[in-house]
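These numbers were taken from a predicted model, which means no experiment stands behind them.
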Amino acid sequence: MSDKKKIYKPKPISGFPEWLPEERLVEQRWFDHIRKTFESYGFCSIETPSVEEVDVLLAKGEVDKEIYAIERIHKEEGDDKESRLALHFDQTVPFARYTAQHFNELVFPFKRYQMQRVWRGERPQMGRQREFYQCDIDVINVDNLSIAYDAELPAIIYEALDGLDIGRVQLRISNRKILMGLLESMDIKDHVSITRIIDKIEKLETDQINQLLKDEGLSGEQVGKILKLAKIKGNADVIRNIEAENGLMSDGIDELYSVLDSLAHLPEHGVIGDLSIVRGLDYYTGTVYETQLLDVPQFTGSVCSGGRYDDLAGGFINKHLPGVGISIGFSRLFDVLRQTNPDKLGIGPKSPTDILVYVENSDDSPKANESARTLRANGFNVEVYHPVKKWEKHLKYTEKKQIPFICYPKESGFERKDMSNGLQEPVDIKEWKK
RNA sequence: GCGACUGUAGCUCAGCGGUAGAGCUCUCGGUUGUGGUCCGAGCGGUCGCGGGUUCGAACCCCGUCAGUCGCCCCA
């Protein structure tokens, strides 16, 4: 009697988003714009495998990262001796490996961009997924790398983000040497836990920050000096007037001044020196970046971050290869906008089709296909609605997919219907061009 | 990994101890002026899963899994 199909009920996997065609279309538009911006500054594209050897990903000793390892289902006893693979956690480390591995074939300073998925095994929430796209640009050079690149990258990023129509963005820039110099001058060793606390300055009350720092064993005077420095925000001149305690600090101030000064052409809200920016990742050694969406106060995280790293690739080759890079948190940006400000996303039609060609009955198919070819040659995206159905069906389909025109044959030639106003008129398809 | 909350139709949810419901979506038909409106019909659910209590469980209890939000961390 009942021969019901067995159905495995699909459910979304948390943190692994997928979009509808109309959302994907916007995503593709964003990718195109970002790619064009990067290439306009002479960056070339590379792609690295989704997986790296675990040893490569952990080369910088960041073992606490939430990395997905992969494994064959038909794994057998003894297969353990294969090197373990894992999905890459970011694109910076694979890029460093790539640069070292292809060192002899690359031209330096090596400027590349990379737009790929990365994976992190963390609990998802708004703007945080487990599988997401990042758009990275980095420059790596041999032995030394001009500080001018530290300023060029944020300029490129600003241009890329500004073109997406997502409201005002603000790049916040600091230089780790400034805070590190201060800590050094006070003979404080545990940089990592201090910087983690500084990182929360925007989130917590001053009292709480004070307490956290004191819990680390700092004196009241030390805490005061650190907080006074970390709360400095402003333009190039503000940074220039900071008093240096030692050479390291002085270097940091000079570098940050130089970077901010080179970015003076950006709108005032677009870039700011902010000494509370220190970044969690421990391989950054100089300039560090974060980016805020000024018009989305509900989301305070950074949508685009990066920094200068002195020798990330040096672990893979016996050379000194300093670099600087920034990564747009593409999926974070898209997701945050989608959830908080869907109008800004400019979700449009459900397909790229410009013209639907109407087939009245199956005898007309060859004619329809041929006219579609003509229109495609004229630059349009054209689809033929093959099922032979009533005119109303065609209209409904065209309407639902928000296709602007229907083209249909008449005794002599063709007519087109403009879906925006219902107007129908004869058309010479050879002369109808995009 | 930790904490709080939530799992019923494709989606949004009602039902809270007595035969599984609504709206939307979808399919088909009718009305209409060639898209809209309106009308009718149909498709669609082991009530997350496993156990327990009960004459009887979507509902109460225990466990488990999944999800959402927050923390940690970060794009």
Side-chain angles (χ1 to χ4, degrees), chain A residues 2 4-17 20 34 62-67 88-92 114-137 157 160-161 169 171 192-193 195-197 199-200 203-204 208 212 277-284 288-293 298-307 325-337 339 356 358 360 385 387 389-406 408 415-424:
Chain A
S2 145
K4 265 192 165 173
K5 281 191 297 178
K6 268 268 193 296
I7 292 201
Y8 178 81
K9 207 169 153 187
K11 36 188 187 299
I13 304 173
S14 174
F16 292 79
L20 293 171
I34 293 170
E62 308 205 47
V63 279
D64 55 333
K65 295 290 170 236
E66 284 291 347
I67 291 173
H88 55 229
F89 178 87
D90 64 16
Q91 297 179 115
T92 311
Q114 208 169 331
M115 312 201 298
Q116 291 182 235
R117 282 181 162 135
V118 306
W119 294 267
R120 298 184 186 181
E122 289 165 341
R123 286 217 86 90
Q125 44 194 265
M126 194 208 324
R128 190 168 87 189
Q129 293 137 349
R130 299 203 271 212
E131 173 179 75
F132 57 98
Y133 281 100
Q134 290 189 317
C135 304
D136 282 36
I137 33 170
I157 291 292
L161 295 180
V169 297
L171 285 140
V192 177
S193 48
T195 52
R196 290 233 165 114
I197 297 167
D199 213 31
K200 296 191 203 309
K203 272 189 165 178
L204 302 178
Q208 294 173 284
L212 286 171
I277 305 297
V278 285
R279 311 287 307 124
L281 294 170
D282 56 15
Y283 50 67
Y284 294 123
V288 282
Y289 314 97
E290 285 197 2
T291 309
Q292 199 88 36
L293 294 171
Q298 309 95 299
F299 184 78
T300 55
S302 171
V303 293
C304 176
S305 310
I326 311 192
S327 173
I328 298 178
F330 183 96
S331 300
R332 163 171 285 186
L333 199 54
F334 191 79
D335 186 43
V336 168
L337 260 286
Q339 290 194 50
L356 177 130
Y358 170 61
E360 191 165 19
Y385 186 71
K389 296 215 168 159
K390 283 196 264 178
W391 172 243
E392 286 85 351
K393 294 284 175 199
H394 287 76
L395 276 177
K396 267 191 179 154
Y397 178 82
T398 310
E399 164 86 15
K400 272 202 235 171
K401 282 182 83 172
Q402 292 156 279
I403 299 169
F405 289 99
I406 301 184
Y408 49 95
E415 282 194 4
R416 77 173 167 207
K417 179 182 178 72
D418 183 338
M419 293 299 286
S420 65
N421 55 20
L423 216 67
Q424 293 173 215

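- With P as the reference atom, B/U37 and B/G33 are 16 Å apart, rounded to whole Å.
- Between the CD atom of A/Glu66 and the CD atom of A/Glu122 there is a distance of 6.5 Å, given to the nearest 0.5 Å.
- The separation of B/G17 from B/C59, taken at their P atoms, amounts to 11 Å, rounded to a whole angstrom.
- The CZ atom of A/Phe405 lies 10.5 Å from the CE atom of A/Met419; values are rounded to the nearest 0.5 Å.
- Using a 4.0 Å heavy-atom criterion, one finds that A/Lys401 contacts no nucleic acid atom at all.
- The residue among A/Ser331 and A/Ile13 whose nearest nucleotide of RNA chain B lies closer to the 5′ end is A/Ile13.
- Spacing of C1' atoms, B/C60 relative to B/C47, comes out at 16 Å, to the nearest Å.
- Here the straight-line distance linking atom OH of A/Tyr397 with atom CD1 of A/Ile406 works out to 11.0 Å at 0.5 Å rounding.
- If you take CZ of A/Arg196 and C1' of B/C74, they are 10 Å apart, rounded to a whole angstrom.
- Atom OG1 of A/Thr300 and atom NZ of A/Lys203 lie 6.0 Å apart (nearest 0.5 Å).
- Spacing between B/C13 and B/G70 at atom C1', rounded to whole Å, works out to 25 Å.
- Nucleic acid contact for A/Lys417: base, since at least one base atom lies under 4.0 Å from a heavy atom of the residue.
- Taking only side-chain nitrogens and oxygens, A/Ser14 comes nearer than 4.0 Å to OP1 or OP2 of B/U68.
- One interatomic measurement links the two molecules: OH of A/Tyr358 to P of B/G35, which rounds to 13 Å at whole-angstrom precision.
- Ranking B/G36, B/C69, B/U34 by closeness to the A/Gln125 side chain, first place goes to B/C69.
- Following rounding to the nearest Å, A/Phe89 (CZ) and B/C74 (C1') show an atom-to-atom distance of 7 Å.
- For the C1' atom pair drawn from B/U53 and B/C61, the interatomic distance equals 7 Å after rounding to whole Å.
- Protein atom CZ of A/Arg332 is 5 Å distant from nucleotide atom C1' of B/A75, rounded to whole Å.
- Of the two residues contacting RNA chain B, namely A/Arg130 and A/Ile328, the nearest-nucleotide position lying further toward the 5' end is that of A/Arg130.
- Nucleotides B/G44 and B/U27 place their P atoms 15 Å apart, quoted to the nearest Å.
- For A/Leu395, whose side chain is taken as the heavy atoms from C-beta onward, the closest listed nucleotide among B/U34, B/G67, B/A75 is B/U34.
- Rounded to a whole Å, the NZ atom of A/Lys390 is 14 Å from the C1' atom of B/U27.
- Across the protein-nucleic acid pair, A/Arg279 atom CZ and B/C74 atom P stand 7 Å apart, rounded to whole Å.
- Here the separation of B/C69 from B/G10, taken at their C1' atoms, is 25 Å to the nearest Å.
- The side chain of A/Lys393 contributes an N or O atom lying less than 4.0 Å from OP1 or OP2 of B/C28.
- With a 3.5 Å ceiling on both atom-pair distances, the Watson-Crick or G-U wobble partner of B/A22 is B/U12.
- The interatomic distance linking A/Arg120 (CZ) with B/C72 (P) rounds to 17 Å, in whole Å.
- Listed nucleotides B/C71, B/C72, B/A75 differ in distance to A/Ser305; the shortest reach to its side chain belongs to B/A75.
- In this structure, A/Gly301 reaches neither bases nor backbone, as no heavy-atom distance under 4.0 Å exists between it and the strands shown.
- Pairing for B/U64 is with B/G48, a Watson-Crick or G-U wobble pair whose two hydrogen-bonding atom distances lie under 3.5 Å.
- By the 5.5 Å and 30° criteria, A/Phe132 is stacked with the base of B/A75.
- For B/C69, the paired base is B/G3 (Watson-Crick or G-U wobble, both distances below 3.5 Å).
- Considering every non-hydrogen atom in both A/Tyr133 and A/Ser331, the closest pair reads N-OG, 2.7 Å.
- Base contact: A/Glu122 has a heavy atom under 4.0 Å from a base atom.
- Spacing of P atoms, B/A9 relative to B/G48, comes out at 8 Å, to the nearest Å.
- For A/Arg128, the side-chain atoms get nearest to B/C74 when compared with the rest of B/C74, B/U34, B/U27.
- Taking OG1 of A/Thr291 as the reference point, atom CD1 of A/Ile157 lies at 7.0 Å (rounded to 0.5 Å).
- The interatomic distance linking A/Glu392 (CD) with B/G36 (P) rounds to 10 Å, in whole Å.
- Closest approach of A/Asp136 and A/Ser327 over heavy atoms only: OD1-OG, 2.8 Å.
- Listed pair A/Lys400 / B/C26 meets the phosphate criterion, a side-chain N or O lying under 4.0 Å from OP1 or OP2.
- When both distances must be under 3.5 Å, the Watson-Crick or G-U wobble mate of B/C43 does not exist.
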Working for side-chain contact (heavy atoms from CB on, under 4.5 Å), residues A/Arg332 and A/Gln134: CA-CA 9 Å; A/Arg332 163 171 285 186; A/Gln134 290 189 317; over 6 Å; no
